[in-house]
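Order of appearance sets the numbers: ligands from 1, and atoms from 1 within every ligand. Here the structure is a predicted model, which means the values were calculated and not measured.
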Amino acid sequence: MGGSNSLVTVTILKKEQDKSEIAGRLQHLMEANFPELKSVAGWDGTVTFRDPGNNLELLNVLSGTIDASKISTDPGLRLLKSIGKSSLEIAALRNGSVPRIVDAVVTPDYDDVEPLLKTMRSAGIKGVVSGGLTGVTGGFRRENCRWLISIDTSRLKHFQAAEEYANAGPGLTGSELETLANRIGMTIGHFPESFADSTLGGWIATGASGQESNFYGDIEDILMGTTLYRSDLTIRDIPSPRESSGIRAKQIALMSEGRNGIIGDSTIRMHKIPEKRTYASHFFRDFSAGIRFIRGQMEFPAIARLSDHVETAYMLELASDQHSRNIIRTFLRAHGIKYPGCLMVTVDNGRKTWHRVKGAANTGGSIARKWEENRYGRPEIGNWLWTKSLTPDTMETSCMWKDAEKLYSESTKTFREEISSLGIGGIIMAHISHLYTLGPAIYFTFILSTREPETHLSQIRDQLENQFILNGGSVTHHHGIGSYFRRYVGKEKLNILRMLEDPVLGDCS
Ligand SMILES: Cc1cc2nc3c(=O)[nH]c(=O)nc-3n(C[C@H](O)[C@H](O)[C@H](O)COP(=O)(O)OP(=O)(O)OC[C@H]3O[C@@H](n4cnc5c(N)ncnc54)[C@H](O)[C@@H]3O)c2cc1C
């Protein structure tokens, strides 16, 4: 290794506008919940670490395969390519615990991918693929690697449309992809909250789900076929609506989290942009009443987001002023619902699904419209909380309808018991995020006020995950398993996953 061994400072949280209206409201909300906040030192979102230096031997091997202009050894970039956006990673870094930093960042063009993988295989170089780096499962962690590089997909960005489908590069972000589709009057229909930064390759590799999955499907429904580059061979699907010829690259690529190969160009479905959007906002007496209503439906709006009473209160506080909240309070009282009730926003594409909901108070479309305006705003709120020394996190699962109420109540109860036994502050809230005929996905958000974020996060996450599993929930619904959730997946499944791994992209022994 050669290098200066000097200190490097990197910003790991995007700077947010503290002066925005929402920041003022958040400050007020958080001080009401966490009065100790006033006396806690804030954080500017930067991390300082020792420059790991350059691995000259590795660079020599790489430059024999790929143009030097496509290789970076910038230490700040290398750190950023070694982490995702999970709270555990942020908490660890804030604590001064720096993960294994990749030795170089390589940004190949399409023609470079196959030779790069072959060189990696023959020279014993390990790699992690990076898209938008919004993954939240510790998927970039590789310990004990002698030589480790990040393979950045940001040059793989072509887009070729053909009527109701397109062939697209894995490095296109959600917003880039949607802009390209919109130019020809089409939509991909995949809108994860991380839409601005997450990529097509990342969506496929994690098994992502967008906010309108009830209408457009999850990523496996949108993806028709792909190309998977492995260090031993390249597998290509022909674009066809369905195929029963043994195995498809799509199947090996989906949810592979960068381990089974590099996902290359993919064929994805497109739909005409809907001419009209319809909005509704209903309040239920409680979460169970909302769940029971949804459970009885045969058809779902594109978005149906049912929040519990804690999340409802937060949404109303952040999105409306005192006067509007008083009007809602009076309106709910007239319907026999205690404020804040449980809000369900629905948005649909042209249809008027669920415009009249039995047992709920209908406040019209404005709250749902407001929610849609801010639908990608949570990362900003999360970053703001970190800078105030609070620790935000999210976890998600899916289950059959019969288990949904119990899974929710047991999980939130466990959280409250755990923070009380740890003697720390915290709040938890949840919403039903994606709907299937057989059951929902449930998304939990929690905020901790603790001086030991890393330890307490690990403990609480473990307790919650165990509650999900005990109550019939899946390990995750759309975040993937990365390194954090592997221990909850059965040994048999892990063995199969290992069999599919490309040796240059899996763990280092
Ligand atoms: C604020 C926020 C909101 C989010 N909202 C949602 C949501 O609504 N729905 C949802 O599903 N997820 C959501 N996520 C999680 C995350 O955005 C998704 O997992 C997303 O699919 C990751 O895409 P990415 O391009 O950022 O991938 P990365 O984070 O770069 O990578 C994630 C994993 O995929 C692998 N990978 C990436 N590209 C490739 C490729 N071309 N070939 C092989 N492997 C590859 C990586 O090695 C890694 O293991 C959210 C995350 C954040 C931080």
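In this structure, D112 contributes its side chain and I66 its backbone to no donor-acceptor pair below 3.5 Å.
Salt-bridge annotation for K157 and E176: present, with a side-chain N of the basic residue lying under 4.0 Å from a carboxylate O of the acidic one.
Residue pairs meeting the ring-ring contact (aromatic ring centres under 6.0 Å, His included) criterion with at least one partner in residues 101-130, sequence neighbours excluded, are Y110-H158.
In this view, H434 and H477, H478 satisfy the ring-ring contact (aromatic ring centres under 6.0 Å, His included) rule, not counting sequence neighbours. A search for ring-ring contact (aromatic ring centres under 6.0 Å, His included) contacts involving F215 returns nothing, not counting sequence neighbours.
Taking the six-membered ring for Trp and the full ring otherwise, the centers of Y216 and H271 sit less than 6.0 Å from each other.
Near ligand 1, K85, V129, S130, G131, G132, L133, T134, G135, V136, G139, F140, T153, P170, P192, E193, S194, S198, T199, G201, G202, W203, A205, T206, A208, S209, E257, G258, G261, I262, I263, R378, P379, H478, H479 each place a heavy atom less than 4.0 angstrom from the ligand.
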